[in-house]
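A note on names: the letters A, B, ... follow the listed sequences, proteins ahead of strands, and every chain is numbered from 1. The structure presented is a predicted model; accordingly, all values stated were derived computationally and were not measured.
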Amino acid sequence: MLADALEHLVRGIVDNPDDVAVKNREHRRGVTLKVRVNPSDMGRVIGRAGRTATALRTVVSALAGRDNVRVDFVDTASR
Amino acid sequence: MTETETETDTAQEPDTSPAETETETGPAEDSLVTQGDVAADYLEALLDIADLDGDIVIDVENDRASVAIVEAEPGELSTLVGDDGEVLNALQDLTRLAVARETGNRSRLMLDIAGFREAQRERLRQIGSDAVNEAKETQQAVRLAAMNSFERKVIHDVAADAGLSSESEGSEPNRYVVISISE
């Protein structure tokens, strides 16, 4: 659910929604969501002074409740 | 630093902003309705994914699109409000970006969830009218605590309604309103 929610939120704010992919990695202490976006959308997803990335993390953490979630943003050009 | 643009808006519309004259910057009513529709789709899909129930109400208020998510069960949407509306503000930011992406225009859409903003507005109106009374009684300027641009706007409106003048002073995030008797 978390990965789907995050993917939806990100797809809505980028120019290349089809390039958005979110990978979910669960580990003992919580979850890491790795968000891949088109390199040209990286600025959009981070936002001025990181404001958009913070907003995305805030919403996802709220949806996660007590679970610990980490959200990483990477562009599709990097591996 | 995060609220600079919104603050400019506030400065431009101190009390009774004549929106009719803003043919270039003031969005037309139907574009505001479109903003509301786009926002509603974005939020509706989020509610579905998160398996949360809420009715979405779209409106146009003071030249802005406004979208409210109303709870089906009390407390059901409290996670989307967060402490002090932290999550609500984050969702509002994201919704504005989604609307801007879809329409090509910046959006000043207001989002409310579970009546949080309305309750907050009511609390601020009370603070504002207490300060107005104090200014009138003491015939001196009253300085309020630091507030964000949304909160200051509510105070400015209360002061203007009472026929007093008010100014925002200081810099973000410590900007505050001073209400004074004179013009």
Side-chain angles (χ1 to χ4, degrees), chain A residues 1-24 26 30-31 33-73 75-76, chain B residues 1-8 35 37-52 54 67 69 75-107 109 111 113-114 116 148-149 172-173:
Chain A
M1 180 278 268
L2 281 184
D4 291 343
L6 181 57
E7 182 170 323
H8 166 69
L9 290 172
V10 173
R11 284 175 67 103
I13 62 170
V14 296
D15 286 328
N16 305 281
D18 292 343
D19 291 350
V20 176
V22 178
K23 267 198 194 144
N24 190 8
E26 293 188 23
V31 178
L33 298 173
K34 197 175 221 180
V35 185
R36 283 181 190 280
V37 298
N38 187 289
S40 66
D41 284 323
M42 206 59 189
R44 277 221 136 115
V45 168
I46 303 299
R48 241 182 334 137
R51 181 170 169 157
T52 307
T54 302
L56 289 165
R57 290 191 177 107
T58 299
V59 175
V60 169
S61 297
L63 292 174
R66 284 136 58 96
D67 297 336
N68 225 333
V69 191
R70 182 188 154 128
V71 179
D72 290 340
F73 298 95
D75 69 53
T76 43
Chain B
M1 151 185 95
T2 51
E3 292 285 348
T4 42
E5 284 177 46
T6 332
E7 172 54 7
T8 315
Q35 288 189 16
D37 287 342
V38 172
D41 288 346
Y42 186 63
L43 294 164
E44 184 99 62
L46 179 67
L47 292 178
D48 280 352
I49 293 167
D51 199 21
L52 293 169
V67 174
I69 311 180
E76 165 139 37
L77 299 179
S78 55
T79 49
L80 295 186
V81 175
D83 295 340
D84 289 330
E86 178 197 36
V87 182
L88 166 62
N89 286 331
L91 265 178
Q92 177 175 278
D93 275 359
L94 296 172
T95 305
R96 284 178 174 181
L97 292 174
V99 169
R101 206 289 312 263
E102 197 72 22
T103 64
N105 292 310
R106 245 189 75 203
S107 170
L109 173 138
L111 175 64
I113 298 176
F116 177 85
N148 68 31
S149 63
E172 296 285 5

### Task
Search all heavy atoms of A/H8 against all heavy atoms of B/A45 and return the closest pair with its distance.
CE1-CB, 3.3 Å

Name each donor-acceptor pair under 3.5 Å that joins a side chain in residues 61-70 of chain A to protein atoms two or more places apart or in another chain, with its distance.
{"residue": "A/S61", "atom": "OG", "partner": "A/R57", "partner atom": "O", "Å": "2.9"}
{"residue": "A/R70", "atom": "NE", "partner": "A/D72", "partner atom": "OD1", "Å": "3.1"}
{"residue": "A/R70", "atom": "NE", "partner": "A/D72", "partner atom": "OD2", "Å": "3.3"}
{"residue": "A/R70", "atom": "NH2", "partner": "A/D72", "partner atom": "OD1", "Å": "3.3"}

### Task
Would you mind checking which part of B/L88 comes under 4.5 Å of any heavy atom in chain A, side chain (CB onward), backbone (N, CA, C, O), both or neither?
neither

### Task
Could you tell me which non-hydrogen atom of A/R11 sits nearest to which non-hydrogen atom of B/R101, and how far apart they are?
O-NH1, 3.4 Å

### Task
Could you check which of A/T54, A/V10, A/V14, A/D4 has the highest count of heavy-atom pairs closer than 4.5 Å to chain B?
A/V14

### Under the salt bridge (Lys or Arg N to Asp or Glu O under 4.0 Å) test, residues paired with B/D93 that sit two or more places apart
A/R51

### Query
So which heavy atom on B/Y42 is nearest to which on A/L9, and how close?
OH-O, 2.6 Å

### Message
Counting only non-hydrogen atoms closer than 4.5 Å, does A/L56 touch chain B with its backbone (N, CA, C, O), its side chain (CB onward), both, or neither?
### Response
both

### For the student: nearest non-hydrogen atoms of B/I49 and A/M1, plus distance
O-CG, 3.2 Å

